[in-house]
Amino acid sequence: MQIISVENVSYSYDKQNMAIKNVSFSVQRGEYVSIIGHNGSGKSTIARLLNALIKPDEGEVTVDGLSSLDKKNLFEIRKRVGVVFQNPDNQLVASIVEDDVAFGPENLGVPREEIGERIEFALSAVGMTEFRKSSPVRLSGGQKQRIAIAGVLALKPDVLVLDESTAMLDPRGRKEVLDVVEKLNKEQGVTVISITHYMEETVRADRVLVMDGGELILQGCPQEIFAKKDVLTAIGLEIPPAMRIAEKLVARGVPLPSGILTEERLGEELCKL
Ligand code: ADP
Ligand code: MG
């Protein structure tokens with residue numbers, strides 16, 4: 001079932017430049033979609049369109065059948081689409097972890113007794129229950145982002161949008177966050193839209209959308225996308241480093257175990273969808 005539909009959407013912040021040009025895609029409930037593109041390609045603009053922070057100049061965005069063009073839908077859309085941003089330090093508002101997670105539901109007017117349950121659910125979903133009484137300032141970057149994700153989960157969104165939420169983290173923090181997001185998608189059925197400029201992060205997605213200059217230029221499962229190396233290189237993106245290394249090893253005659261993806265093997269791999 002479709003949860004998000006973006007139909008022929010264009011958006012400009014100013015008259016000279018179009019940030020998004022006639023973009024169309026849809027997202028199914030429970031899907032894990034990655035959006036990749038270099039700086040300025042329009043990724044964050046899409047995130048803002050999805051949770052109705054901005055509305056299309058042309059075309060239409062609907063979430064669960066609700067159009068963001070209709071003002072009376074905005075509150076419902078924002079409840080359904082939770083966004084986690086890049087900088088964890090800008091997203092945490094309280095001095096105790098559990099108060100931070102409670103902030104969103106309290107603002108939505110969720111009853112007191114239900115807030116406790118939501119904090120418990122959200123912290124356990126991101127594996128941070130033991131930090132409930134901690135101060136966010138003492139946490140690592142990865143842990144802070146997991147708290148930011150818990151804050152969004154406490155709102156019980158249908159769709160979790162991560163806008164470069166791993167960009168400021170070290171490799172360990174990135175893995176922590178990605179593992180939590182993958183678990184939420186697989187085990188809780190949360191629809192995930194993960195925006196990134198790290199090609200290797202898109203490996204986890206069911207489907208990858210490639211943005212360039214405000215246009216959606218490619219979409220497909222990760223294998224299909226990585227196979228278009230020439231297109232990716234032309235717009236300044238690269239296939240994942242692990243795949244490049246695997247290819248170099250093959251070129252030197254080192255046998256690779258099955259399951260490791262190289263360009264040669266791509267043709268044989270089937271998409272999950
Ligand atoms: P990305 O997230 O892929 O880096 P953005 O969606 O932030 O891309 O930006 C797309 C285009 O819109 C860029 O040309 C950028 O300069 C422009 N843009 C983004 N935010 C604003 C803003 N608040 N005001 C004016 N222009 C903006
Ligand atoms: Mg951005």
Side-chain angles (χ1 to χ4, degrees), residues 1-9 11 20 23-35 42-57 59-86 91 93 100-111 114-115 117-126 145-165 177 180-196 204-207 209 216 219:
M1 210 169 66
Q2 180 174 291
I3 177 90
I4 281 176
S5 145
V6 174
E7 261 185 63
N8 304 111
V9 168
Y11 183 83
I20 294 292
V23 166
S24 300
F25 64 91
S26 57
V27 178
Q28 303 295 311
R29 233 176 234 282
E31 212 180 353
Y32 187 137
V33 173
S34 274
I35 303 181
K43 304 181 301 295
S44 293
T45 305
I46 289 185
R48 292 178 199 126
L49 285 160
L50 293 180
N51 92 329
L53 274 175
I54 53 178
K55 66 176 171 55
D57 295 332
E60 191 171 34
V61 175
T62 62
V63 175
D64 206 10
L66 302 163
S67 169
S68 68
L69 293 174
D70 191 341
K71 263 199 184 129
K72 68 175 192 303
N73 289 336
L74 298 188
F75 183 73
E76 285 301 320
I77 291 175
R78 287 176 194 151
K79 245 167 62 177
R80 283 168 171 76
V81 181
V83 186
V84 180
F85 296 97
Q86 190 176 87
Q91 295 174 79
V93 290
D100 200 90
V101 178
F103 184 77
E106 273 169 0
N107 275 336
L108 278 186
V110 172
E114 204 189 317
I115 288 180
E117 285 164 30
R118 287 201 185 198
I119 295 173
E120 237 161 75
F121 154 77
L123 285 178
S124 126
V126 300
Q145 273 309 46
R146 279 151 69 197
I147 298 302
I149 293 172
V152 171
L153 287 179
L155 303 171
K156 301 228 164 168
D158 295 309
V159 183
L160 183 61
V161 178
L162 300 132
D163 188 1
E164 308 227 26
S165 306
V177 169
V180 158
V181 170
E182 193 168 353
K183 191 166 147 249
L184 286 168
N185 174 254
K186 298 279 175 297
E187 292 173 15
Q188 312 272 348
V190 176
T191 308
V192 171
I193 300 179
S194 168
I195 296 173
T196 180
R204 299 175 185 237
D206 298 316
R207 199 150 49 92
L209 311 182
L216 175 57
Q219 57 174 312

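- No donor-acceptor pair closer than 3.5 Å links the side chain of Thr45 to the backbone N or O of Ile20.
- Side-chain atoms of Asp206 never come within 3.5 Å of backbone atoms of Val33 as a donor-acceptor pair (strictly under, hydrogens ignored).
- In this structure, Asp64 contributes its side chain and Ile3 its backbone to no donor-acceptor pair below 3.5 Å.
- Between Pro105 and Leu155 there is a side-chain heavy-atom pair separated by less than 4.5 Å.
- Between Gln219 atom CD and Phe25 atom CZ the span is 8.5 Å, to the nearest 0.5 Å.
- Of the inter-residue distances, the one linking Ile193 atom CD1 with Ile195 atom CD1 reads 7.5 Å to the nearest 0.5 angstrom.
- Between the side chain of Asn185 and the backbone N or O of Val190 there is at least one donor-acceptor pair closer than 3.5 Å.
- The CG atom of Leu216 sits 7.0 Å away from atom CD1 of Ile46, with the distance rounded to the nearest 0.5 Å.
- Between Thr196 and Glu164 the shortest side-chain heavy-atom distance does not fall below 4.5 Å.
- In this structure, the side chains of Val110 and Arg118 come closer than 4.5 Å at one or more pairs of heavy atoms.
- In this model, a donor atom of one side chain and an acceptor atom of the other lie less than 3.5 Å apart for Ser44 and Asp163.
- Annotation: Phe121, atom CZ; neighbour count of heavy atoms from other residues, nucleotides and ligands within 6.0 Å is above 12.
- Atom CG of Leu162 is separated from atom OG of Ser194 by 5.5 Å, given to the nearest 0.5 angstrom.
- In this structure, the side chains of Ile115 and Glu106 come closer than 4.5 Å at one or more pairs of heavy atoms.
- Within the 4.5 Å cutoff, the side chain of Glu60 has no heavy atoms near those of the Val9 side chain.
- Here the side chain of Gln145 pairs a donor or acceptor atom with the backbone of Gln86 at under 3.5 angstrom.
- To the nearest 0.5 Å, atom CD of residue Gln28 and atom CD1 of residue Ile4 are 11.0 Å apart.
- Between Val152 and Gly82, the closest heavy-atom pair is CG1-CA, 3.4 Å.
- Between the CZ atom of Arg48 and the OG atom of Ser68 there is a distance of 14.5 Å, given to the nearest 0.5 Å.
- For Thr191 and Glu31, the side-chain atoms include no donor-acceptor pair closer than 3.5 Å.
- The side-chain heavy atoms of Leu160 and Leu184, taken from C-beta on, include a pair separated by under 4.5 Å.
- Checked by atom type, the side-chain pair Gln2/Arg29 shows no donor-acceptor distance below 3.5 Å.
- At distances below 3.5 Å, at least one donor-acceptor pair connects side-chain atoms of Asp100 with backbone N or O atoms of Val93.
- No donor-acceptor pair closer than 3.5 Å links the side chain of Ser5 to the backbone N or O of Thr62.
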Practice prompt. Let me see the working for Val101 and Leu153 under side chain to side chain contact (heavy atoms under 4.5 Å, CB included), right down to the final yes or no.
Written response: CA-CA 9 Å; Val101 178; Leu153 287 179; over 6 Å; no
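- A donor-acceptor distance shorter than 3.5 angstrom exists from the side chain of Gln91 to the backbone of Phe85, with no hydrogens or angles considered.
- Minimum heavy-atom separation, Val161 to Ala47: CG1-CB, 4.0 Å.
- Within the 3.5 Å criterion, the main-chain N or O of Ser34 finds no donor-acceptor partner in the side chain of Arg207.
- No side-chain heavy atom of Val6 sits under 4.5 Å from any side-chain heavy atom of Ser24.
- Looking at heavy atoms from C-beta onward, Val61 lies in side-chain contact with Pro56 at the 4.5 angstrom threshold.
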